[in-house]
**Student:** 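Could you have a look at this structure, given as structure tokens, before my questions?
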Amino acid sequence: MTLLQRIVVAAMGGGIILTTFEMIRRRKLKEEYSLLWFLTGCVTLLFSVFPGVLYWLSGQLHLHHLTTMLLVAFGFLLCIVLHYSTVISRLSEHEKELAQQVAILSWRLEHRGISAEEHHDPESIGPN
Amino acid sequence: MDRRTLVIIPAYNEEESLSCVIDSVHASVPFADVVVVNDGSVDKTASIAHAKGVILLDLPYNLGIGGAVQTGYKFAAARGYDIAVQVDGDGQHPAEEIPRLLSVLQAGQADMVIGSRFVSGRADYGVPLARLVGIKILSAVISLLSRQRVTDPTSGFRAVNRNVIRLLARMYPRDYPEPEAVVFLCKEGYSIVEVPVEMNQRIGGVSSITLLDGLFYIVKVLLATAIGMVKPPIGPERRALSCANNGEEVT
């Protein structure tokens, strides 16, 4: 890699790490979602500081070293997107549970008086 | 009737048919409680249910049929019902057949009873050919996977016992839930029996599945059921985020 290439790659890696750190500091990003970003930044930085690692990897894969960079970056992005998919799945499950609870609880709220007479166990809905 | 029965009617924009459905359910099973789960309708569904004096569970926004039906199961589990019956709000399920589903269930012949359009070979109820083919394919695959003969896995006309209520309150597929639920229950070791019913043409509204969606539906359901077969069994009941658990203490 030329010096300029190394500087650009170092700036990218440093930029990712600093941006992630700053966003956590401003409470815009939770730590648990930042790990993959930090890892991406660190590997990018590693390639810039120790280009030998990149050359070795490129040799193993029979690729040009910049292509290897792209491949690694793509791999990280895939991981990040996959991680977000699991987060979204979890959130949508929680969101469904909440909506269902709201429906049941609001019925219960409206029928507080009646349900005690009609049903033998008025306390049977939901954790209090 | 000493067993407490709950009829669950999921309804999304069913103002044209809901009133009829509730009336015929009341007429067929007067001893049962009726709950309408309003799945974020934008029409008069909620006010009709309210006027009819049934239990109305109003979801704050549209969850889809699976989420709506599960709300009913959660309600049933929390209040300790012994039997839950699922009847669509569009009027295609004949409420007068509910007692037949119940008698099979109460005889202890199965944990879930499905009202099937096809079990007796009467396939001429007016199912469009494309959908008929789709249902047949699903039926074959699901029967194979579940090792039980299921002729109408897409039928949402079902009755389940207490154990199944509690299970479905915890875990119920969301998007196209009927076939998945069948496979899921079989896998958890519950037995399923079908009872022949003749279904009506829907009174109003449109089916939630259009012809264009059909292919996508089949692929998705097959994928979901296949994956469902290799999912690990669900763990012990959690307390967090579920109101269903309290059903245990009701007995």
Side-chain angles (χ1 to χ4, degrees), chain A residues 23-24 27-37 39 71 74-128, chain B residues 2 4 6 8 10-11 33 35-41 46 49-50 53-81 168-175 177 237-251:
Chain A
M23 283 176 82
I24 295 173
R27 297 189 179 82
K28 285 188 172 174
L29 181 65
K30 290 203 169 201
E31 286 86 343
E32 56 170 315
Y33 303 122
S34 65
L35 208 68
L36 275 167
W37 285 116
L39 213 59
L71 196 68
F74 181 72
F76 271 111
L77 282 181
L78 270 188
C79 289
I80 288 168
V81 170
L82 196 62
H83 178 225
Y84 285 165
S85 303
T86 66
V87 172
I88 290 169
S89 302
R90 194 175 66 216
L91 288 179
S92 74
E93 185 63 23
H94 289 184
E95 160 263 313
K96 181 194 79 176
E97 297 274 347
L98 279 178
Q100 291 174 331
Q101 290 279 17
V102 165
I104 293 175
L105 288 177
S106 59
W107 177 84
R108 192 184 169 200
L109 205 61
E110 264 176 50
H111 294 79
R112 252 191 310 201
I114 308 165
S115 63
E117 295 155 27
E118 277 187 354
H119 298 278
H120 59 82
D121 189 355
E123 295 306 312
S124 59
I125 283 190
N128 288 300
Chain B
D2 51 351
R4 299 175 69 218
L6 181 72
I8 301 167
D33 291 342
V35 58
V36 168
V37 183
N38 175 28
D39 193 10
S41 300
H50 196 74
V54 298
I55 301 165
L56 172 65
L57 299 180
D58 244 326
L59 288 168
Y61 44 83
N62 183 266
L63 284 187
I65 177 74
V69 167
Q70 193 188 27
T71 310
Y73 281 122
K74 286 188 170 174
F75 184 83
R79 298 193 76 83
Y81 282 94
L168 294 182
R170 294 172 54 208
M171 206 328 277
Y172 197 72
R174 188 163 177 175
D175 291 336
E237 297 190 25
R238 293 168 303 148
R239 227 152 232 291
L241 278 170
S242 172
C243 69
N245 325 32
N246 281 33
E248 299 165 43
E249 287 107 48
V250 178
T251 41

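Values in this document were obtained by computation on a predicted structure and should not be read as measured data.
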**Student:** I need the minimum non-hydrogen distance between A:Ala99 and B:Pro60, along with the two atoms involved.
**Tutor:**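 That would be O-CD, 3.5 Å.
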**Student:** For a quick test of reading the model, state the closest non-hydrogen atom pair linking B:Leu59 to A:Ala103 and the distance between them.
**Tutor:**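 Of all heavy-atom pairs spanning B:Leu59 and A:Ala103, the closest is CD2-CB, 3.8 Å.
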**Student:** Using a cut-off of under 4.5 Å for heavy-atom pairs, which of B:Val37, B:Asn38, B:Leu56, B:Val35 has the most such pairs with chain A?
**Tutor:**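 The residue among B:Val37, B:Asn38, B:Leu56, B:Val35 with the greatest pair count is B:Leu56.
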**Student:** What do you reckon, is CG of A:Leu35 surrounded by more than 12 foreign heavy atoms closer than 6.0 Å?
**Tutor:**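 No - once you tally the heavy atoms of other residues, nucleotides and ligands closer than 6.0 Å, there are 12 at most.
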**Student:** CZ of A:Arg90: more than 12 outside heavy atoms within 6.0 angstrom?
**Tutor:**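 Counting neighbours around CZ of A:Arg90, more than 12 heavy atoms of other residues, nucleotides or ligands fall under 6.0 Å, so yes.
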**Student:** Does A:His83, at its NE2 atom, have more than 12 non-hydrogen atoms belonging to other residues, nucleotides or ligands within less than 6.0 Å?
**Tutor:**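 Yes, because the 6.0 Å sphere around NE2 of A:His83 holds more than 12 heavy atoms from other groups.
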**Student:** Roughly how far, to the nearest 0.5 Å, is CD of A:Glu97 from CG of B:Leu63?
**Tutor:**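 Rounded to the nearest 0.5 Å, the CG-CD separation comes out at 10.0 Å.
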**Student:** So, for B:Tyr172 and A:Lys96, which heavy atoms are closest and what is the spacing to 0.1 Å?
**Tutor:**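 Scanning both residues completely, I find the closest heavy atoms to be O-NZ, 4.0 Å.
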**Student:** Going from CD1 on A:Ile104 to CG on B:Asp58, what distance comes out if it is rounded to the nearest 0.5 angstrom?
**Tutor:**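 So the CD1 of A:Ile104 and the CG of B:Asp58 are separated by 12.5 Å.
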**Student:** Nearest 0.5 Å, please: how far is CD in A:Gln101 from OG1 in B:Thr71?
**Tutor:**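 Nearest 0.5 Å value for the OG1-CD distance: 9.5 Å.
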**Student:** Roughly how far apart are A:Gln100 CD and B:Gln70 CD, rounded to 0.5 Å?
**Tutor:**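 One finds 4.5 Å between CD of A:Gln100 and CD of B:Gln70.
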**Student:** We want to know whether A:Glu95 and B:Tyr61 form a side-chain donor-acceptor pair, criterion being a heavy-atom distance below 3.5 angstrom.
**Tutor:**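 A:Glu95 vs B:Tyr61: donor-acceptor pair found between side chains.
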